[in-house]
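As structure tokens, the structure follows; a few thoughts come after it.
Fair warning: this is a prediction, and the values are worked out from it, not measured in the lab. Chain letters run A, B, ... following the sequence lines, proteins first and then strands; every chain starts at 1.
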Amino acid sequence: MNLDQSLRTEIQKALTALFNQTVDHVQLQPTNQEFEGSHTLVCFPLAKISKKGPEETARLIGEYLVTHTGFVSRFNVVKGFLNLVIADRVWMEVFHSIYANKNFGNLPANDQEIMIEYSSPNTNKPLHLGHLRNNFLGYAVAEIYKALGYTVHKVQIINDRGIHICKSMAAWKLFGKGETPHSSGIKGDHLVGKYYVEFDKNLKAQVKDLIQQGVSEADAEKQAPIMQLAIDMLRKWEAKDPETVHLWKTMNGWVYEGFGSTYKRMGVDFDKLYYESETYLLGKNEVLRGLDNGAFFKKDDGSVWVDLTSDGLDQKVLLRSDGTSVYMTQDIGTAILRFRDFPKISRQVYTVGNEQEYHFKVLFLILAKLGYAWAKECYHLSYGMVDLPTGKMKSREGTVVDADDLMQEMVDEAEKQSRELGKIEEATDQQIKELSEMIGLGALKFFLLKVDPKKRMLFDPNESIQLQGHTGPFIQYTHARIRAIIRKAETMGISPDEGYWKNVNSLEPAEREVIFLISNYIHKLNEAARDYSPAVIANFAFDLAKGYNQFYQSIPIFNEADQDKLKFRIAFSSVVADVIKRAMAVLGIQVPERM
RNA sequence: GGUCCGAUAGCUCAACUGGAUAGAGCAUCAGCCUUCUAAGCUGACGGUUCGGGGUUCGAGUCCCUGUCGGAUCACCA
């Protein structure tokens, strides 16, 4: 049963009976801890239709609900707030409906399809902390929609072509001496990244020399021989020069292999990959089509532009004067291709940092100008940058936090702390490894997901490896604790079949509180989906774990003499474990049986 | 300079979209393991919600204004 819905219905009935009117929206909110009750009706707005003061209105509604419905056992009125105490028998019904629903937390398919893009790295350097936030966020949003019954397509666009990869290629050609991941023992993406750094180092030196020779700063970068080589490679690549294409394929291959293992460890996946090299030509054609039908215009030097001044934006280049495409060009092609591939999708979500807000504003306007009605279904899930205590991450200053390194550190730390706490003395090496992986990544994911995505966040390494308090491991620990209880119950032969615990008619406050939390799960999923905010679920899981721990500490389960109550508490505990597991799974976090 | 976003406890974050005396975690201090896992629980301390106006029964939340951060406005991606 849906208590919230039922209450709203009853309240409307009360309004009709008492005042002969209804309202569009009844303001029902959780009751503050300091007052008795679980649901609070805000009665200030109702004073208008009752033609009485808020307190009097609240009292009348409260009395009606107690006498005319089976839900409310008593009530109190504080100012214009009507605090309702739901009967324990009703809470038991709420619990029962959750217990009996094997698919609680997963809604049936709703026949809607959406696409979620995330990750989408460049292929010239390894993934870093910013990508971790992006990936965990995109993955979690996708899982949230799946839980709500949507068919979800997880995709990414791989920026595999362009000047950035040519820079790595140029440096490798000059200094690489045939080095490969195999020969060097370096992970592919890191190896390619090494040459990207090498490129930058050499470019800087060459630019410095040129400036000393009297070349202007702006020209120096273009004239530097190593930059010339990279630009030449980009040109050759577009002309399909076999040698260049071969090198490009080889080095991208190294990167994909490296990314593959990183994604695997992160626990994220994709249903379909798009490659910029395969979409930019479509984008180019679309731009030319837009030029023909007057959506865009050409400047004297041959470059193609879109004028968005009537939309409050600027003019934006779509094709360079030499006819080559820019970032925007391929994004146009990619978007069109995706809607061709998946004509049923009703929304496309781009998980991309907020530094690109302008870009997406422009992109969506361009798609609309090209006549695509679905342009309005495109949404930029814009998230804030991850800052370090030392300030911004800057690849050029070497302050980026590498994704592979960070995950390893978290796992090592988890293992260290497990050992210190003496948790894993009887475990095998394999079990220790798996558990540390689960805890380390759980800590990392929770840390990055608990903050509202829109907000910029601070990544303090010391705080992120905390395993106590508002953390993933705290929740994982609660799950493990409950599982221990379930195991004990099983060895004692206690099985919570319905007949027994349905006789339970009174609840402890902690039990009531936890049932209330659980009953809000679907609501929280909807809220998280609406706001594209896994933080809602992260905080839900934390609150639930916290609530259960309060129950756990105040009530020794196996000391209970009443067998019906004992069985109820086993069932109750197993439901909590299950909901924690599901909520965490939606966040991409696994929970252990023991820890 | 234009546009957009942000500012809440010493620190990191919440606050159900306008509701009650603004809540958690960390840190600090004081308690709780002979009892189901102490990675836990209980309590204490901690606030002019950046400043100033306004809207209304009611504002951290909406409007105006100022201050301070950040992003963006490339023939980069």
Could you give the NZ-to-C1' distance, from A:Lys454 to B:rG6, as a whole number of Å? 12 Å

Can you tell me how far C1' in B:rA9 sits from the matching atom in B:rG25, rounded to whole Å? 12 Å

Name the closest nucleotide to the A:Glu34 side chain, picking from B:rC73, B:rU21, B:rA74. B:rU21

Would you please test A:Asp160 and A:Asn252 for side-chain hydrogen bond (donor to acceptor under 3.5 Å, both in side chains) and show each step? CA-CA 7 Å; A:Asp160 61 343; A:Asn252 269 334; 4.7 Å; no

For B:rC33, does the glycosidic angle fall within 90° of 0 (syn) or outside that (anti)? syn

Give A:Arg483 one of three labels, base, sugar-phosphate or nothing, depending on what nucleic acid heavy atoms sit under 4.0 Å from its own. nothing

Answer with base, sugar-phosphate or nothing: what part of the nucleic acid does A:Ile555 contact at a heavy-atom distance below 4.0 Å? base

Measure the distance from CZ on A:Phe81 to P on B:rA20 and round it to the nearest whole Å. 6 Å

Answer with base, sugar-phosphate or nothing: what part of the nucleic acid does A:Glu355 contact at a heavy-atom distance below 4.0 Å? sugar-phosphate

Heavy atom of residues 39-48 of chain A under 4.0 Å from RNA chain B: which residues? A:Thr40, A:Val42, A:Phe44, A:Pro45

Need one value for A:Val78: base, sugar-phosphate or nothing, where a base atom within 4.0 Å counts as base even if backbone is also close, heavy atoms only. base

Under 3.5 Å, is there a donor-acceptor pair linking the side chains of A:Asn83 and A:His39? no

Whole-Å C1' distance, B:rA14 and B:rG47: 15 Å

Which part of the nucleic acid does A:Phe542 contact within heavy-atom distance under 4.0 Å: base, sugar-phosphate only, or nothing? sugar-phosphate

Considering all heavy atoms, the nearest A:Ala577-A:Ile482 contact: CB-CG2, 3.6 Å

Glycosidic torsion of B:rU35 (syn if within 90° of 0, anti otherwise) classifies it as anti

For the pair made of CD1 in A:Ile465 and P in B:rU12, what is the distance, rounded to whole Å? 17 Å

Scan A:Gln33 against the nucleic acid and name what it touches under 4.0 Å (heavy atoms): base, sugar-phosphate only, or nothing. nothing

Of A:Asp531 and A:Asn122, whose nearest nucleotide on RNA chain B comes first from the 5' end? A:Asp531

Does the side chain of A:Arg456 get closer than 4.0 angstrom to OP1 or OP2 of B:rA7 through an N or O atom? no

For A:Pro30, which contact category applies under a 4.0 Å heavy-atom criterion: base, sugar-phosphate, or nothing? base

Calculate the interatomic distance between A:Leu458 atom CG and B:rG69 atom C1'; express it in whole Å. 14 Å

Between A:Thr31 and A:Ser38, do the side chains contain a donor N or O and an acceptor N or O under 3.5 Å apart? no

Pair A:Asn354, A:Tyr383: side-chain N/O donor-acceptor within cut-off below 3.5 Å: no

Nearest-angstrom distance, C1' atom, B:rG19 to B:rA7: 23 Å

Does A:Arg161 count as lying over the ring of A:Tyr275, i.e. NZ or CZ under 6.0 Å from the six-ring centre, within 45 degrees of the axis? no

Does A:Gln27 reach a base, just sugar-phosphate, or nothing at all? Heavy atoms under 4.0 Å. base

Distance check needed: B:rA77 C1' versus A:Asp160 CG, whole Å only. 13 Å

Would you kindly compare A:Asp322 and A:Met457 by the position of their nearest RNA chain B nucleotide and give the one closer to the 5′ end? A:Met457

With B for base contact, S for sugar-phosphate-only contact and - for none (protein heavy atoms under 4.0 Å), nucleotides 37-43 of chain B reads BSBSSS-

Span that lies between the C1' atom of B:rA59 and that of B:rU48, in whole angstrom: 15 Å

Could you work out the separation of B:rU49 and B:rA44 based on their C1' atoms and round it to a whole Å? 23 Å

Whether the side chain of A:Asn134 engages the backbone of A:Ser119 through a donor-acceptor N/O pair (distance < 3.5 Å, no angle test) should be reported. yes

Tell me whether the OP1 or OP2 atom of B:rG25 has a side-chain N or O from A:Lys450 closer than 4.0 Å. no

What's the closest nucleotide to the A:Asn159 side chain, out of B:rC73, B:rA77, B:rG19? B:rA77

OP1, OP2 of B:rG70 versus side-chain N and O of A:Lys455: anything below 4.0 Å? no

What integer number of Å spans the C1' atoms of B:rG43 and B:rG54? 42 Å

Flag for A:Ser533-A:Asp452: side-chain donor and acceptor within less than 3.5 Å: no

Mind checking A:Asn32 for me? I need base, sugar-phosphate or nothing, with any heavy atom below 4.0 Å counting as a touch. base

Verify the distance criterion only: is there a donor paired with an acceptor across the side chains of A:Glu117 and A:Ser120 at less than 3.5 Å? yes

Polar side-chain contact A:Asn83-B:rA20 base: donor and acceptor under 3.5 Å: yes

Whole angstrom value for the distance that separates P of B:rC76 from OH of A:Tyr196: 13 Å

Going by the angle between their ring planes, with limits at 30° and 60°, are A:Phe199 and A:Tyr196 parallel, tilted or perpendicular? parallel

I'd like to know if the side chain of A:Tyr548 pairs up with that of A:Ser573 as donor and acceptor (distance under 3.5 Å, no hydrogens or angles considered). yes

Side chains of A:Ser50 and A:Thr57: do they bring a donor and an acceptor to under 3.5 Å? yes

Grab the NE2-P distance between A:His359 and B:rC73 for me, whole Å please. 11 Å

C1' atoms of B:rG10 and B:rG46, separation to the nearest Å: 9 Å

Value in whole Å for how far the P atom of B:rC26 lies from NE2 of A:His470: 11 Å

Note on RNA chain B: ranges paired as stems (three or more Watson-Crick/G-U pairs in a row, both atom distances under 3.5 Å) are B:1-7 with B:67-73, B:10-13 with B:23-26, B:28-32 with B:40-44, B:50-54 with B:62-66

Of the non-hydrogen atoms in A:Leu319 and A:Gly323, which two are nearest, and what is the gap between them? CD2-O, 4.0 Å

Could you tell me how far B:rC41 sits from B:rC26 if I compare only their P atoms? Round to whole Å. 8 Å

Flag for A:Thr471-A:Gln466: side-chain donor and acceptor within less than 3.5 Å: no

Any idea how A:Phe542 and A:Phe474 line up, ring-wise: parallel (<30°), tilted (30 to 60°), or perpendicular (>60°)? tilted

